[in-house]
Amino acid sequence: LLLAPVLLFVHRSFFAQAIMDCPRNPLRSAYAHSFLAAYRSSCTILKVVKEQFGQYPEMCARFWVIWTFAFSSAVSRNRTPCDCAAAGRP
């Protein structure tokens, strides 16, 4: 869980730039590699948080840093379909 948050925070601004450059398909942007790195990191963080919370709910509830990573990941991951769908509207 240490590498994924670092990758997310390093690539987050380029992730947003990829969506702004090519809102219909961010993979066509010059920042596609950062877009994929941030998206995959977000998915990894959310998966790990879900697994850990399932195993140790009381312990996970106490550590705010876990929820900070989960929130940032959820925002990044869910921004993609929202922005891409908005770009497809007339």
Residues 6-19, side-chain donor-acceptor partners within the protein, below 3.5 Å, at least two apart:
{"unit_1": "His11", "atom_1": "ND1", "unit_2": "Ser34", "atom_2": "OG", "d": "2.9"}
{"unit_1": "Gln17", "atom_1": "NE2", "unit_2": "Asp21", "atom_2": "OD1", "d": "2.8"}

Practice task
Write down the atom of Ala37, the atom of Ser41, and the distance for their closest heavy-atom approach.
Solution key: O-OG, 2.8 Å
Problem - Interatomic distance, Trp64 atom CH2 to Phe69 atom CZ [nearest 0.5 angstrom] - result: 8.0 Å
Fill in the blank from the handout: d(Phe35 CZ, Cys22 SG) to nearest 0.5 Å is 10.5 Å
Handout entry: Donor-acceptor contact present, side-chain Trp67 to main-chain Arg62, <3.5 Å
Key = no
Exercise for the section: State plainly whether one hydrophobic cluster holds both Leu27 and Tyr39, where clusters connect Ile, Leu, Val, Met, Phe, Trp and Tyr through side-chain heavy atoms under 4.5 angstrom apart. Expected result: yes
Problem - Residues that, via side-chain heavy atoms closer than 4.5 angstrom, fall in one hydrophobic cluster with Leu46 - result: none
For residues 48-59, dump all side-chain donor-acceptor pairs below 3.5 Å to protein atoms at least two apart in sequence or in another chain.
none

